[in-house]
Amino acid sequence: FFHATYNLLLITYNSFPQGQWVWVHGDNTTNQPGVYGTKGVTAPTNRPGNRYEAAEWTDNNGNFWLFGGTGNSAGGTYGYFNDLWKYDPVNNMWTWVNGDNIVYQPGSYGVQGIPAPSNKPSAREGSISWKNKYGIWFFGGYGKIGTYGQLNDLWKYIPDKPNPDFTSTGNCGSVAF
């Protein structure tokens, strides 16, 4: 849904009655920075900035999720992100859920297979993502853990928990667990 877009325009296809597109949220100009607001608080002014190669999912409640990618930070710096966003199409609002609001942030891997509030993936682009009954997942991408390169870490996120955590379930390059 958001894959390979520089400007994060949220557009839906309205098939009734006349099969017309509707511009739903976002800017109509390129290279716009995000507006983060308060982590975990939904607000009408919140929005991720422009993105390229972000990971994306749709959860069982119909919400859209967006992780990482490259783009411009709130301060205008271009780079890799590790932020997690949720878009609720019912109320047409974004929530900054997890991660950082500045680029090039390292991950916090914790203990493999154990969820913790401090766990978070490193900033990256180009991850492969999917969803199943156990949560939302992404694998790898390109980013920096010590040095820049291809990543092979696997992360799971369970969005329906009251205090959701990231769970690292794989390894990454030369990082030891």
Side-chain angles (χ1 to χ4, degrees), residues 1-16 19-28 32-74 80-103 105 107-108 115-141 153-169:
F1 187 80
F2 298 100
H3 188 71
T5 58
Y6 276 108
N7 192 26
L8 192 60
L9 286 175
L10 189 55
I11 299 175
T12 61
Y13 183 76
N14 181 355
S15 62
F16 38 105
Q20 299 176 1
W21 286 98
V22 177
W23 177 19
V24 178
H25 206 284
D27 300 295
N28 63 354
Q32 294 300 300
V35 176
Y36 283 78
T38 303
K39 196 180 289 185
V41 177
T42 303
T45 56
N46 288 355
R47 70 174 191 271
N50 62 306
R51 290 303 158 96
Y52 180 73
E53 295 289 336
E56 66 278 335
W57 310 264
T58 302
D59 68 22
N60 292 333
N61 298 317
N63 298 307
F64 307 132
W65 293 77
L66 174 73
F67 175 80
T70 55
N72 292 323
S73 71
Y80 297 100
F81 283 96
N82 72 340
D83 54 351
L84 179 68
W85 289 85
K86 179 178 82 170
Y87 175 75
D88 182 338
V90 173
N91 68 20
N92 191 28
M93 286 194 270
W94 286 97
T95 306
W96 172 33
V97 177
N98 205 316
D100 299 295
N101 62 355
I102 54 178
V103 295
Q105 294 304 294
S108 177
S118 60
N119 288 354
K120 64 181 176 181
S122 63
R124 67 192 64 213
E125 69 174 1
S127 298
I128 299 167
S129 58
W130 65 94
K131 175 189 74 113
N132 67 13
K133 66 182 180 179
Y134 303 110
I136 52 181
W137 303 74
F138 76 85
F139 176 80
D153 49 349
L154 176 64
W155 289 84
K156 176 175 75 172
Y157 187 78
I158 304 169
D160 297 329
K161 290 175 64 176
N163 296 306
D165 304 317
F166 281 112
T167 304
S168 175
T169 59

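Note that these values count all heavy atoms, side chains included, but never hydrogens, waters or copies made by symmetry. In what follows, residues are counted from 1 in the order of the sequence shown.
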Which value, rounded to the nearest 0.5 Å, describes the distance between [X] atom [atom1] and [Y] atom [atom2]?
X     : Y      : atom1 : atom2 : value
Thr38 : Asn46  : OG1   : CG    : 7.5 Å
Asp59 : Ile158 : CG    : CD1   : 12.5 Å
Leu66 : Lys86  : CG    : NZ    : 13.5 Å
Asn60 : Ile136 : CG    : CD1   : 10.0 Å

Answer whether the closest heavy-atom distance between the side chains of [X] and [Y] falls below 4.5 Å.
X      : Y     : answer
Asp88  : Thr42 : no
Val103 : Phe81 : yes
Asn101 : Asp83 : no

Worked check of side chain to side chain contact (heavy atoms under 4.5 Å, CB included) between Asp27 and Arg47: CA-CA 10 Å; Asp27 300 295; Arg47 70 174 191 271; 3.0 Å; yes
With sequence neighbours excluded, what pairs up with [X] under the side chain to side chain contact (heavy atoms under 4.5 Å, CB included) test?
X      : result
Glu125 : Tyr52, Glu53, Thr70, Tyr80, Tyr142
Ser129 : Ala55, Glu56, Trp57, Phe138
Lys39  : Trp96

Test ring pair (Phe, Tyr, Trp, His ring centres under 6.0 Å) applied to Trp137 and Phe67, step by step: CA-CA 10 Å; Trp137 303 74; Phe67 175 80; over 10 Å; no
Plane angle bin for Tyr87 and His25 - parallel if under 30°, tilted between 30 and 60°, otherwise perpendicular: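 Ring orientation, 0 to 90° scale: perpendicular.
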Stepwise side chain to side chain contact (heavy atoms under 4.5 Å, CB included) test for Arg124 and Asp153: CA-CA 11 Å; Arg124 67 192 64 213; Asp153 49 349; 2.6 Å; yes
Any donor-acceptor N/O pair, Asp100 side chain to Ile102 backbone, under 3.5 Å: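 Not at all, since once roles are kept as given, no pair shorter than 3.5 Å links the two residues.
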Trp94/Phe64 aromatic ring centres below 6.0 Å: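 They do not qualify: ring centres at least 6.0 Å apart.
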Non-hydrogen atoms of Pro89 and Asn63 that approach each other most closely: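 Smallest interatomic distance, heavy atoms only, reads CD-OD1, 3.8 Å.
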